[in-house]
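Throughout, residue positions are numbered sequentially from 1 according to the sequence presented.
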Amino acid sequence: MKKIIFTENAPAPIGPYNQAVLKNDTLYASGQIAINPQSGELITDNILDETKQVMQNIAAILEAANMTFDHIVKATIFIIDMNNFAAINSVYGSYFDEKTAPARETVQVACLPKNVNVEISIIAVR
């Protein structure tokens, strides 16, 4: 059976999906954007703060599943401007030990939900 993971410390789903699904020891988290879960407002003033909010949302989901960033085995980063890669990578990288960081791809896309600049999804394993 799969277990639905939900926390009020990450943005609530706005469609027919869940924040994350835990199947056995594997967590599949939906892509997170920079919505402040307390205010519901988007954080898009600058790419560093936007990426930090995304990572905080991921942290909340991991905590709800009794996991940490050390459990992440795969991440996907979607960005609308590859020129923001270095800034996004600096924030993202601060959450991991470089020697044990997860596998990852970064993809430039034409548009993201709510016209944000970055979205990140993860897979974590206990």
Side-chain angles (χ1 to χ4, degrees):
M1 299 257 324
K2 65 182 181 181
K3 177 182 179 186
I4 303 304
I5 302 297
F6 176 81
T7 176
E8 292 183 3
N9 295 321
I14 55 173
Y17 64 93
N18 288 290
Q19 291 170 332
V21 174
L22 184 64
K23 176 70 174 172
N24 297 325
D25 289 332
T26 304
L27 180 73
Y28 302 90
S30 295
Q32 293 300 302
I33 60 174
I35 296 175
N36 178 310
Q38 283 71 43
S39 69
E41 293 185 22
L42 281 171
I43 309 299
T44 56
D45 294 339
N46 68 68
I47 195 65
L48 296 173
D49 290 343
E50 185 172 351
T51 306
K52 184 175 180 181
Q53 182 64 59
V54 170
M55 297 304 285
Q56 289 172 339
N57 293 344
I58 291 170
I61 292 168
L62 287 166
E63 183 177 342
N66 295 312
M67 293 184 175
T68 68
F69 282 95
D70 290 336
H71 291 99
I72 297 175
V73 296
K74 181 74 162 62
T76 303
I77 302 175
F78 302 96
I79 60 177
I80 62 164
D81 184 353
M82 199 57 80
N83 291 316
N84 287 329
F85 176 80
I88 292 167
N89 199 49
S90 70
V91 174
Y92 171 91
S94 71
Y95 287 80
F96 298 99
D97 176 343
E98 192 171 318
K99 293 178 183 177
T100 59
R104 179 186 87 185
E105 65 264 332
T106 302
V107 181
Q108 181 173 318
V109 296
C111 188
L112 288 167
K114 297 189 176 282
N115 295 312
V116 298
N117 298 295
V118 59
E119 179 176 3
I120 301 175
S121 65
I122 60 100
I123 299 171
V125 178
R126 257 191 261 273

In Å, rounded to the nearest 0.5 Å, how long is the span from [atom1] of [X] to [atom2] of [Y]?
| X | Y | atom1 | atom2 | value |
| --- | --- | --- | --- | --- |
| Gln53 | Thr51 | CD | OG1 | 10.5 Å |
| Lys2 | Asn24 | NZ | CG | 13.0 Å |
| Asn84 | Thr106 | CG | OG1 | 12.0 Å |

* Please, which pairs that meet ring-ring contact (aromatic ring centres under 6.0 Å, His included) have at least one residue in residues 95-126, sequence neighbours excluded? ->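 Sorted result for residues 95-126: Phe69-Tyr95, Phe69-Phe96, Tyr92-Phe96.
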
* **Residue pairs involving residues 36-57 (criterion ring-ring contact (aromatic ring centres under 6.0 Å, His included); sequence neighbours excluded)** =>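 Matches after skipping sequence neighbours: none remain.
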
Are any of the side-chain heavy atoms of [X] and [Y] separated by less than 4.5 Å?
| X | Y | value |
| --- | --- | --- |
| Ile120 | Ile58 | yes |
| Ile4 | Val21 | yes |
| Ile88 | Ile47 | yes |

With [X] via side-chain contact (heavy atoms from CB on, under 4.5 Å) - residues at least two apart:
| X | answer |
| --- | --- |
| Ser39 | Asn36, Glu41 |
| Ala124 | Leu27, Leu62, Met67, His71, Ile72, Ile122 |
| Asn46 | Leu48, Asp49 |
| Tyr28 | Lys23, Thr26, Ile123 |

* **salt bridge (Lys or Arg N to Asp or Glu O under 4.0 Å): pairs with one or both residues in residues 90-100, sequence neighbours excluded** =>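 Sorted pair list comes back empty.
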
* Asked: Is Val91 linked to Val54 within one hydrophobic cluster, defined over Ile, Leu, Val, Met, Phe, Trp and Tyr using a side-chain heavy-atom separation of less than 4.5 Å?
  ->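 In one cluster with Val91: Val54, yes.
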
* Please confirm whether the backbone N or O of Pro11 pairs with a side-chain atom of Gln19, one donor and one acceptor, at under 3.5 Å? =>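 It does hold such a pair.
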
* According to the side-chain hydrogen bond (donor to acceptor under 3.5 Å, both in side chains) rule, which pairs have a member within residues 114-126, sequence neighbours left out? ->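 For residues 114-126: Glu50-Asn117.
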
* With sequence neighbours excluded, tell me which residues meet side-chain hydrogen bond (donor to acceptor under 3.5 Å, both in side chains) with Asn89. =>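 For Asn89 the side-chain hydrogen bond (donor to acceptor under 3.5 Å, both in side chains) partners, ignoring immediate neighbours, are Arg104.
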
* With sequence neighbours excluded, tell me which residues meet side-chain hydrogen bond (donor to acceptor under 3.5 Å, both in side chains) with Gln32. =>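 Expected list: none.
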
* **Closest non-hydrogen atom pair between Ala29 and Ala20, with its separation** =>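 Reported closest heavy-atom pair: CA-CB, 3.8 Å.
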
* Between Gln38 and Asn9, does a side chain to side chain contact (heavy atoms under 4.5 Å, CB included) hold up when you go through it step by step? -> CA-CA 7 Å; Gln38 283 71 43; Asn9 295 321; 3.9 Å; yes

* Results of salt bridge (charged side-chain N to carboxylate O under 4.0 Å, His left out) for Glu105 - residues two or more places apart only ->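 Listed in chain order: Lys74.
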
* Nonpolar side-chain network containing Val109, other nodes, edges under 4.5 Å ->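 Its cluster partners, ordered by chain and number, are Ile33, Ile35, Leu42, Phe78, Ile80, Val107, Leu112, Val116.
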
* Give a yes or no on whether Gln108 atom CD has more than 12 heavy-atom contacts from other residues, nucleotides or ligands under 6.0 Å away. =>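 Counting other residues, nucleotides and ligands, CD of Gln108 exceeds 12 neighbours.
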
